[in-house]
Structure formats: structure tokens, C-alpha cells
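Numbers restart at 1 for each chain; the letters A, B, ... are given by sequence-line order, proteins then strands.
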Number of protein chains: 2
Amino acid sequence: MGSDGGEGEKSTRERILDIALDLFIDQGYDKTSLREIADRLGYSKAAVYYHFASKADILLALHYRLHDMFGGSLDDLNQQVDDPVAWAKVLDTFIGQMLADRRLFILHERNRAAFEKLHRDQLHEDQHSDLEGTFRTLLANPEVPVADRVRLACALGAIMGTLAIAGEAFASVPTEDLTDMIRSAVGDLLTPR
Amino acid sequence: MGSDGGEGEKSTRERILDIALDLFIDQGYDKTSLREIADRLGYSKAAVYYHFASKADILLALHYRLHDMFGGSLDDLNQQVDDPVAWAKVLDTFIGQMLADRRLFILHERNRAAFEKLHRDQLHEDQHSDLEGTFRTLLANPEVPVADRVRLACALGAIMGTLAIAGEAFASVPTEDLTDMIRSAVGDLLTPR
DNA sequence: GTCTATATAGGGATAGAC
DNA sequence: GTCTATCCCTATATAGAC
């Protein structure tokens with residue numbers, strides 16, 4: 001399939017990313033050193049540098065994992081910037097995608113500063129390839145009533161919050177159940193009573 | 001009033017905290033060096049060390065600023081751990097307090113890893129003196145139905161999200177208006193239709 | 001592909017002069 | 001109260017052997 005020969009075993013590159021994901025969530029990106037990653041990997045620091053050009057490059061790869069997860073729903077959101085009623089539908093899709101791999105979201109949520117720096121330094125693409133950028137553009141759009149925008153911010157926060165603030169509190173809750181509950185909550189937020 | 005002699009001018013200590021607040025929000029705690037703080041202050045690094053024993057000590061002082069802001073409402077929440085209907089009232093108070101000094105909240109939101117480490121290293125007090133600790137305890141309480149706890153997580157996320165995700169988007173919105181809008185949203189989340 | 005050894009820089013923190 | 005000078009450690013990253 002990919003560029004790897006193996007079938008069951010993961011490539012070293014993927015293993016590094018998995019380890020980095022754990023450590024970046026636990027300690028934060030800045031407080032995690034390549035030595036720690038290399039130790040868990042069982043190899044030396046230089047081995048890590050063989051697979052990634054820099055520490056930021058590891059974060060970048062994780063960013064792409066997250067980006068791939070969304071498929072086109074980010075574009076959908078960008079195309080309906082000024083249509084508050086359309087948001088609810090897009091967010092439903094979002095919620096499903098987010099919960100499918102919660103940890104990537106938690107990573108993003110907990111290392112916002114690092115990701116922003118990454119975007120400033122490396123990703124000079126458009127604002128909208130970025131999750132945060134998309135949200136901020138939407139929330140700052142003066143053509144949409146403030147009340148609607150605040151509601152959207154609350155809805156986004158509700159999704160993120162369930163993952164980030166709760167931590168491991170809902171780890172044992174089946175993904176489908178959690179998805180349903182969050183969808184219901186977001187529905188209450190975006191649909192007028 | 002306080003321990004300072006001056007009336008109009010701030011003490012150096014307070015100035016350091018203000019500068020640190022700005023930088024920690026912008027770049028994150030880890031990526032901010034004492035040299036940067038000292039530069040903005042106009043003094044040397046050693047001058048900063050005169051006022052604070054360590055870098056972590058600066059973060060600690062900011063933690064106390066946040067802590068003081070709450071007054072007793074954190075205790076209120078701790079005393080009504082298993083009463084979901086009481087949460088709504090406490091959160092109303094919370095929202096007002098949070099918005100009264102948004103930036104302290106954003107600091108906390110954006111440097112969760114650093115604050116957690118601070119608590120592990122320095123604050124061996126009780127779990128409940130801490131904002132996050134209080135929330136996590138509440139959200140993990142098995143005596144409360146999961147659905148209620150998820151709703152609470154959404155409500156907390158909605159509050160945090162409006163501050164953290166939105167960034168400067170709502171900077172021009174009057175605090176009272178924003179408070180009302182968030183209270184209304186949280187009400188919709190916690191009150192069954 | 002993985003290693004050792006090393007270059008280089010920057011950060012936190014201390015000692016002691018003024 | 002504030003400064004200069006300095007120590008020490010850790011981190012990123014590179015060069016080159018195996």
C-alpha cells in the first residue's frame with residue numbers, strides 16, 4: 001500500500017509520530033525533548049533525525065494527520081461563511097470526525113501556541129487550510145450578527161471542551177454515545193428554542 | 001493600601017506580572033524566556049530574579065491572581081458536586097467572574113500543560129484549589145449520569161471556547177453583552193427543553 | 001538505518017559589585 | 001534595587017563512523 005514493506009508492523013516513522021503524540025499531549029510540545037522520544041523509541045536521537053528534519057517537522061506531520069482527518073468538511077465550512085443555519089450541519093460532520101480520533105484533537109487543543117508558530121514559520125499557505133484560522137475568520141465576520149457568532153463559538157467550545165477539559169473522564173464512554181450527546185448539545189446551542 | 005508606596009505607578013513586581021501575562025499568552029509559557037521579560041521591563045534578567053525566585057514563581061503568582069478572582073464560587077461548586085441543577089447557578093456567577101478579566105482565563109486556557117506541572121511540583125494542596133482539578137473531579141463523578149456530565153463539559157467548553165478560540169474576535173463586544181449571550185447559551189445547555 | 005561524538009546556542013539561575 | 005558577569009545544563013542539530 002504505502003511506502004512501507006511491512007504488513008503488521010508499523011514503520012519507524014509512524015512509531016515516532018505515535019510516541020510524539022503521547023508525549024506532546026502529556027507534557028506539551030515545548031517541554032518534550034527529542035531525547036525522550038528517542039528513549040521510548042529505543043533508538044538514539046540521531047535516529048529520529050533520520051526520519052524527521054527537525055522537531056517542528058514532527059509536529060508538522062501530526063498537523064497533516066489532523067488535516068487529512070477532515071476531508072472536505074473544512075472547505076464546506078469556508079464556503080458557507082455567512083450562513084449560520086448551515087453551520088449546524090457542518091458541525092455534525094465535524095463532531096463525528098473529531099471523536100473518531102480524539103487524541104489528535106486534544107493534541108491540537110493543548111498545544112495551540114506551538115501550532116500557531118508552526119503556521120507562522122512553515123505554512124504560509126492560505127489561512128483556511130488551518131483549523132484555527134477557519135474558525136477565527138468565521139467568528140470575526142462582521143456580516144454575521146454577533147449573537148450568532150457567539151453561539152458558534154460556544155458550540156465549538158462545547159466540542160473542544162468535552163475533549164480537552166474532561167481529559168480521561170469520558171474515556172470509557174462509547175464513542176457513538178458521546179457523539180450523540182455532543183450533537184444534541186450543539187443542536188440546542190445553534191437551534192433557536 | 002497594599003505594600004507599595006506609590007499611588008499611580010505600579011510596582012515593579014506587578015509590571016513583571018503584566019508583561020509575563022502578555023508574553024505567556026502570545027508565545028506560551030515555555031517559549032517565553034526571562035530575557036524577553038527583562039527586555040520589556042527595561043531591566044536585566046537578574047532584576048526579575050530579585051522579585052521572583054524562579055520562572056515558575058511568576059506563573060504561580062499569576063495562578064493566584066486567577067484564584068483570587070473566584071472568591072468562594074469554587075467552593076460552592078465543590079460543595080454541590082452531585083447536584084446538576086445547582087451547576088447552572090454557580091456557572092452564572094462563574095461567567096461573570098471570568099469575563100471580568102478575560103485575559104487571565106486565556107492564559108490558563110493556553111498554558112494548561114504548564115499549569116498542571118506547576119500543580120504537580122509546587123501546589124500539593126488539595127485538588128480543589130485548582131480550577132481544572134475541580135472540573136475534572138466533577139466530570140468524573142460516577143454518581144452523576146453521564147449525560148449530565150457531558151452537558152456540563154459542554155457548558156464549560158462553551159465558556160472557555162468563547163474566550164480561547166475566538167481570540168480577539170469579540171474584543172470589541174461590551175463585556176455585559178458578551179456575558180448575557182454566554183449565560184443564555186449555557187442556560188440552553190443545562191436546562192432541558 | 002542506526003550509531004557515537006560533537007558543535008552550538010540558549011535558557012534558568014547564582015554570586016557579588018555598585 | 002538593579003546591575004554585570006558567569007556557571008551549568010539541556011536542547012536542537014550536524015558530521016561522520018559502522
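In this entry the distance linking NZ of A:K55 with P of D:dT14 reads 15 Å, nearest Å. A straight line from CZ of A:R15 to C1' of C:dT2 spans 13 Å, rounded to a whole angstrom. The interatomic distance linking B:L34 (CG) with C:dG11 (P) rounds to 9 Å, in whole Å. Separating the CD1 atom of A:I58 from the C1' atom of D:dA13 is a distance of 12 Å, rounded to the nearest angstrom. Regarding B:D57, its CG atom lies at a distance of 16 Å from the C1' atom of C:dT14, rounded to whole Å. Here D:dT12 presents its P atom at 12 Å from CG of B:D30, a figure rounded to the nearest Å. One can place CZ of B:F52 at 16 Å from C1' of D:dT2, the figure rounded to the nearest angstrom.
Within the 4.0 Å cut-off from OP1 or OP2 of D:dT10, not a single side-chain nitrogen or oxygen of A:R35 is found. Side-chain nitrogen and oxygen atoms of B:Y50 include none within less than 4.0 Å of the OP1 or OP2 phosphate oxygen of D:dT2.
Checking B:S44 against B:R35 by side-chain atom types alone, no donor-acceptor pair falls below 3.5 Å.
One finds the CD1 atom of A:I16 at 10.5 Å from the CG atom of A:D57 (value rounded to the nearest 0.5 Å). Rounding to the nearest 0.5 Å gives a distance of 6.0 Å between CZ of B:F170 and CZ of A:R149. For the atom pair CG of A:D148 and CG of A:L138, the computed distance is 11.5 Å after rounding to the nearest 0.5 Å. Taken to the nearest 0.5 Å, the NE2 atom of B:H67 stands 14.5 Å off from the CG atom of B:L62.
For A:K117 and A:Y29, the positive end is not near the middle of the six-membered ring at less than 6.0 Å and at most 45° from its axis.
Closest approach to the B:Y49 side chain among C:dG12, C:dC3, D:dA13 is made by C:dG12 (side chain taken as heavy atoms from C-beta onward).
Listed in residue order, the members of residues 39-46 of chain B having a heavy atom less than 4.0 Å from DNA chain D are B:G42, B:Y43, B:S44, B:A46.
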